[in-house]
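Worth knowing before you read on, the calculation uses all heavy atoms, side chains too, and leaves out hydrogens, waters and symmetry mates. Since we're looking at a predicted model, the values are computed, not measured.
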Amino acid sequence: MAFLQNLFKNTSTQKMKTSMDWMSQIKGMDDLSAIEFATAKLGDEFKTNAFNNPANLEALFTIDENTHIIVERITTHFIHIEHISVELEERVSNAVFFYHRQLFLIYFSLIDHFYDQYQKHIHVLLARAIRNATQMVKWRYYNYQSAPANVWLQISQLYLLAENISLLNAKIQPYADLEPISISNAYIQVCMLGSLEGLSLKCEQIELVCKMLSIWTSKTTVDKVFDQQQHLFYVDTTSNKPAKRIRTFKPASTYRYWDFDSVISKIELCMSLIEFNISPKQPFMKELVSHKDAFTTFEILNTEWSRVDYNRQRRSEDRNRAASSATTTFGFKEVCEQLKQVENIKMQRGERGYLGEKSFEERLASHNINRNEPNIIYMDLSTDHSSIIDQSNSGLGLHVSRHPHEVSLGMLIGISTKELRNRTRLGIIKNIRPIAHGELHLGVELLSNIGFYSQAENMGLKTPKVAMSIGEPTVQDNYFANTVFADTSSFLDSSFGTDPSNFTCIFLPKEQSLSKQETLIIPKLQYNKNDIFKVQILGEEILVRFTKSFERHGNWVRVTFTTDISK
């Protein structure tokens, strides 16, 4: 691009005056219509080169300030809304994204072509351009899409201009309702957000990361000279890439670096506070750790940004191309219901042949699948029809007809096929990517090739029929004081019943390729290491004590257990 060459040239473009009186027409419109209308009008003004007139530039600032309030209101509502139609979601996403895109193009063009004319406004132009670029990136990530074309290169070009005119560290207030921020901090924040592309974070998680970065990077500086002991991330200002980890590489003059250790330390601290149920005194830290997605988000950030023991998740083995139909069930409660129906049908068919005098271990070892049996278990249990695209021993890729906000990273999924009779494979969603025709490509990590519906009872409760509801905090506190997890509000679900002593769970047997020992997937609120639980597994009731937790998401957690209850 000729950006830097044109920076200090005043392009001779025809100046046109405009009244900008169309802004008054927005009054009375609903928020979404107002933004769509403003975007179209700003686009028309931009095409006529109206903003090279200083009077019109002031009008642009005023219009942007007013519409910014509307967009922030839409964004806040969109992030927290639970149920939204596909049509409305697409309209909102397109409206807000193209609004930010139009403003970014205007500000970027004004900086590029009218630097000399608008020198006294250059700090506002830069701050608003980077702010709108950041919002574009976020809205693409909200919908599990990649950042806009060339946006990272354009953001770096804005950063380089600020560097050339010694404007990096000046605190600039882009909008009246936002805190002042330096160009260098804004640059770090958007580039570090970009380093998470492809992780399929939810809207709430993206906002949590942005809020965290805005506070914790306020004193972080961008350096030109590489220090191996300090710097962990860098940006190549001449490439269209966000922040990248420093591995084996040769420093270059176009690279910019920053020390991220203080942020990583705070992430680790937050994880410890959540794990040990400690409420911090610092208000912002308290706000972060109380977020319903806090622990999951911090786990992801710690994996991606940690200086030590970094091991980017890679597939342990290549997947082979496959083409087969399947039915899929999403969510812990739904998968339990599917397994329960499978078990009921098997019992009706007289297939439970392991109810003799064998030990638990013998029954488990003898539970084999007879591939000569007729196909009687493959059912449509009000599940989604999907296609398996590729698979390996440890994972598979699925195409499903689901809306992006109906699935999430870490969600439990059950997969049944005609080829694998009697089996429901269980896995967790590791990647979400929109594809054509309104479908999603899901990357699934397998937990087990076969799961069993089980019932469990907490033997440690003195009153087994204690009523529990979200509206009765006293009863809730008495019971949940014994759990490992501090905040139970995010996984209370009345659909699991009102008796905390009895609950549904899923048994996953030991498998050579996936798991070295038996595990249970249980409601997260039931996980504690003090009580004794009676669990019905493969037709036998056994007493167990939970020992360690593994994967967790929403209202469930996967745990190991021991039958030695004397420990």
Any residue meeting side-chain hydrogen bond (donor to acceptor under 3.5 Å, both in side chains) with D259, in chain and number order, not counting sequence neighbours:
none
S386 side chain to V400 backbone, donor-acceptor under 3.5 Å:
no
Any donor-acceptor N or O pair under 3.5 Å, side chains E445, S394
no
Could you verify whether a donor N or O on one side chain and an acceptor N or O on the other, from W258 and T217, lie under 3.5 Å apart?
no
Contacts of type side-chain hydrogen bond (donor to acceptor under 3.5 Å, both in side chains), residue E334, not counting sequence neighbours
none
Exercise: do Q455 and N502 side chains pair donor with acceptor under 3.5 Å
no
Looking only at side chains, do E207 and Y142 share a donor and an acceptor under 3.5 Å apart?
yes
May I ask you to test the R307-D261 pair for a side-chain heavy-atom distance under 4.5 Å?
yes
Please tell me whether W556 and Y527 form a close aromatic pair, meaning their ring centres lie under 6.0 Å apart.
no
Do we see a donor-acceptor contact under 3.5 Å between the side chains of Q205 and T297?
yes
Tell me, yes or no, whether the heavy-atom count around Q282 atom CD, taken from other residues, nucleotides or ligands under 6.0 Å, exceeds 12.
yes
Please check if any side-chain donor atom of T417 sits under 3.5 Å from a side-chain acceptor atom of S324, or the reverse.
no
Backbone N/O of W152 and side chain of N240: donor-acceptor pair under 3.5 Å
yes
Looking only at atom types and distance, does a side-chain atom of N277 sit under 3.5 Å from a main-chain N or O of L273, one as donor and one as acceptor?
no
Chi angles and distances behind the side-chain hydrogen bond (donor to acceptor under 3.5 Å, both in side chains) call for T547, T560
CA-CA 6 Å; T547 55; T560 55; 2.5 Å; yes
Would you say L201 and Y144 make side-chain contact, with heavy atoms under 4.5 Å?
no
Do the side-chain N and O atoms of R558 and T519 include a donor-acceptor pair separated by under 3.5 angstrom?
yes
Would you indicate whether the side-chain heavy atoms of E518 and F561 approach each other to under 4.5 Å?
yes
Candidate list M136, K202, E197, test side-chain contact (heavy atoms from CB on, under 4.5 Å), partner Y141, passing option
E197
Is there a salt bridge (Lys or Arg N to Asp or Glu O under 4.0 Å) between K211 and E287? Walk through the geometry before answering.
CA-CA 10 Å; K211 183 178 292 187; E287 178 185 355; 2.8 Å; yes
Check whether any side-chain N or O of E457 sits under 3.5 Å from a backbone N or O of M459 as a donor-acceptor pair, and report yes or no.
no
Is there a side-chain contact between C505 and V535 (heavy atoms, below 4.5 Å)?
yes
Is the F249 to F226 ring centre distance short of 6.0 Å?
yes
Sidechain-backbone polar pair: R433 side chain, H441 backbone, donor-acceptor under 3.5 Å
no
Anything under 30° is parallel, anything over 60° is perpendicular, the rest tilted; go ahead and classify Y255 against Y234.
tilted
